[in-house]
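All heavy atoms count here, side chains included; hydrogens, waters and symmetry mates do not. Proteins come first, then strands; the chains are lettered A, B, ... in the order of their sequence lines, and each starts at number 1.
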Amino acid sequence: MATQHSRAAARFMMAPAVFVLLVWMLVPLSLTLIFAFKRFMPLRGDRIESGWDFVTFFPSLDWVGFDNFTRFVSSSAFWPSVVTTLVIVGGVLAISIVFGVLLAMLLDQPMWAQGFVRILVIAPFFVMPTVSALVWKNMFMDPTNGLFAHLWRAFGADPVVWLSDVPTFSIVLIVSWQWLPFATLILLTAIQSLDSEQLEAAEMDGAGPVSRFAFITLPHLSRAITIVILIQTIFLLGVFAEIFVTTGGAFGTRTLTYLIYQRVLESQNVGLGSAGGVYAIILANIVAIFLMRIVGKNLDK
Amino acid sequence: MGRITLDKVRKTFGEVEVIPPLDLTIEDGEFVVFVGPSGCGKSTLLRLIAGLEDVSGGQIRIDGEDATMVPPAKRRLAMVFQSYALYPHMSVRKNIAFPMRMAKMPQHEQDRRIEAAAKALNLTDYLDRRPGQLSGGQRQRVAIGRAIVREPAAFLFDEPLSNLDAALRVGMRMEISELHKKLDTTMIYVTHDQVEAMTMADKIVVLRAGHIEQVGSPLELYRTPRNTFVAGFIGSPRMNLIEGAAAADLGAHTMGIRPEHIDVSTGAGQWQGTVGVAEHLGSDTFIHIHGIPGCDPLTVRADGEVSVRHGDTVHLTPQTQHIHRFGADGLRIA
Ligand SMILES: Nc1ncnc2c1ncn2[C@@H]1O[C@H](COP(=O)(O)OP(=O)(O)OP(=O)(O)O)[C@@H](O)[C@H]1O
Ligand SMILES: [Mg+2]
């Protein structure tokens, strides 16, 4: 499509942005990599002498080889945190895609005050994660004053203590609430781009509403769904604020990100945390490569 | 079998009446063309027959049975859309198989019909491709293939050729006509191209603003247009409609004469005018002539070899047996 010339021009114009992004990523990334191979526990007296130490690989800190890496994975908290991460990512993806498709189809119907309803549906996406998690925690899930507790009592049931009885589910719920609008928005645009003549043709070909959805609408949405999965996974692997302000990592809601945070800030072991960070980078990249392949295959069609 | 009867069928969108009550009978095996200017309601009428729009009044009967409330899938009609409406994520084979799959037809029967359709439409080599990898003409054929495997009572086409280039259009026109001869199934074909209408139809239905202006065979419409609208719409280049003294002399409000029914000479004739533009097509020359009272410009179809140039003075004589006369209300005077 593009000519040789316009491609060169495009590269040239993208160069500054790419450069800034690289620096932005490379500095923290290389710091993490270096610290992962060092003993660095500030409370035990490990010190960085000056900012220039970065250039000489921090001579005041001892090299410890792969110690931090083995210690990080052999800790009893590691595998549970991986499982929790996958459960949360998977749960949020499932909820946001299933309900995203349903909501998108609903919003695609002509209805009264369409624009306003759409804005309402999109709104949660603009609420900061910390705020929305606190709203959920105090307004809905509080076992004595929360709306859910009132609702349960209205039906004569004992209120659920959400954040300690079903902590992982609660967090999935909170995070889904934030990401559902994103999925809905992308899926809605995709649904709107579906040629109505295709649906009419299918109708004339004898396909009922379910078949039309399964054979026409869903395949049409497949590309949008993969994109939603790709983007959301990458963001969801780093979910932090929602856990921080609700359970604080207790009751089995400690994700990989949260574990790294605890290693660095609560146990003040920068080396160990950095090693965890390197694992997280590897995990995220595996996911990304995997997903890029799917998307690439989908985009080729 | 596919005899379709429309009985006082009406369609309104909100306040706007797009199709006022309309009666029409389409006989079994007939090739009927709906033709008319853009926005006259051709597509709407076709979609009413297909069941994709609900009628606002009246009755649609297919083979004598009331089909007004029957859902589209049950009307035994197949439609070919202007955009082809192929399913982009399915191979050509799956596209063609889709209606049979929905009807839960046995696999061997499906395969047999796909083979037959592919052979008839020259698609055998493309069965495993996706629609995106086909040319416009091939896509068109896939859409037709998807329609014929259902063995419908009637085919509905909505401007199926308008996305194709001129050469391909002529080819596909022939193929569809041949298909009709072979299958002998009722076909309803919508177009705004009067050449398509003339060449393909057994029966042309000329529509204007949802009204039927005239129904008849192509030659009937050409020879005896019922009013000035049909006269101007059918035939290419369009009929010259002359008002004023020339028409009044014949006791009419408007006089119509087709470009091919005017003799040109440089010597003498009934009218005299100057040549504006002369379009040389090789086989014919269309000359646009100015200075004839009541009609400007007047179009004449002359021999391809005729040599006239801009500004030349020419003399014209209409062939009296081909003159059409219309009254002040636009209707033909017999
Ligand atoms: N869904 C709709 N709602 C309101 N008005 C409509 C709708 N569909 C069609 N119309 C109107 O009905 C009239 C006839 O439309 P239709 O599509 O049948 O025209 P057409 O003869 O097929 O024209 P074309 O040759 O441009 O395809 C138009 O004036 C159009 O604006
Ligand atoms: Mg139309």
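- Remark: the backbone N or O of A:Ile216 is not paired with any side-chain donor or acceptor of B:His89 at under 3.5 angstrom.
- By the 6.0 Å contact criterion, CZ on B:Phe13 is enclosed, its count of non-hydrogen atoms from other residues, nucleotides or ligands being greater than 12.
- Residues forming a salt bridge (charged side-chain N to carboxylate O under 4.0 Å, His left out) with B:Arg75 (at least two apart in sequence, or on another chain): none.
- The contact between B:Leu77 and chain A is made by backbone and side chain atoms together, counting heavy-atom distances below 4.5 Å.
- Side-chain contact between B:Met79 and A:Glu200: absent, with no pair of heavy atoms (C-beta onward) separated by less than 4.5 Å.
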B:Tyr87 and A:Asp205: CA distance, side-chain angles, deciding distance, side chain to side chain donor-acceptor pair (under 3.5 Å) verdict:
CA-CA 12 Å; B:Tyr87 311 128; A:Asp205 283 345; 2.8 Å; yes
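- From A:Glu197, atom CD reaches atom OH of B:Tyr84 across 11.0 Å, with rounding to the nearest 0.5 Å.
- Heavy-atom contacts from other residues, nucleotides or ligands closer than 6.0 Å to CD of A:Gln192 number more than 12.
- Interface residues of residues 90-110 of chain B toward chain A, defined by a heavy-atom distance below 4.5 Å and sorted by number: B:Met90, B:Phe98, B:Pro99, B:Arg101, B:Met102.
- Contact of the A:Gln198 side chain with the B:Ser83 side chain is not registered, since no non-hydrogen atoms from C-beta on lie closer than 4.5 Å.
- The shortest heavy-atom contact between A:Glu203 and B:Ala73 is O-CB, 3.4 Å.
- Looking only at heavy-atom pairs under 4.5 Å with chain B, the residue among A:Gly208, A:Ser211, A:Ala202, A:Ser196 that has the most is A:Ala202.
- Options B:Gly132, B:Pro88, B:Gly51, B:Ala143 differ in how many heavy-atom pairs under 4.5 Å they form with chain A, and the most are formed by B:Pro88.
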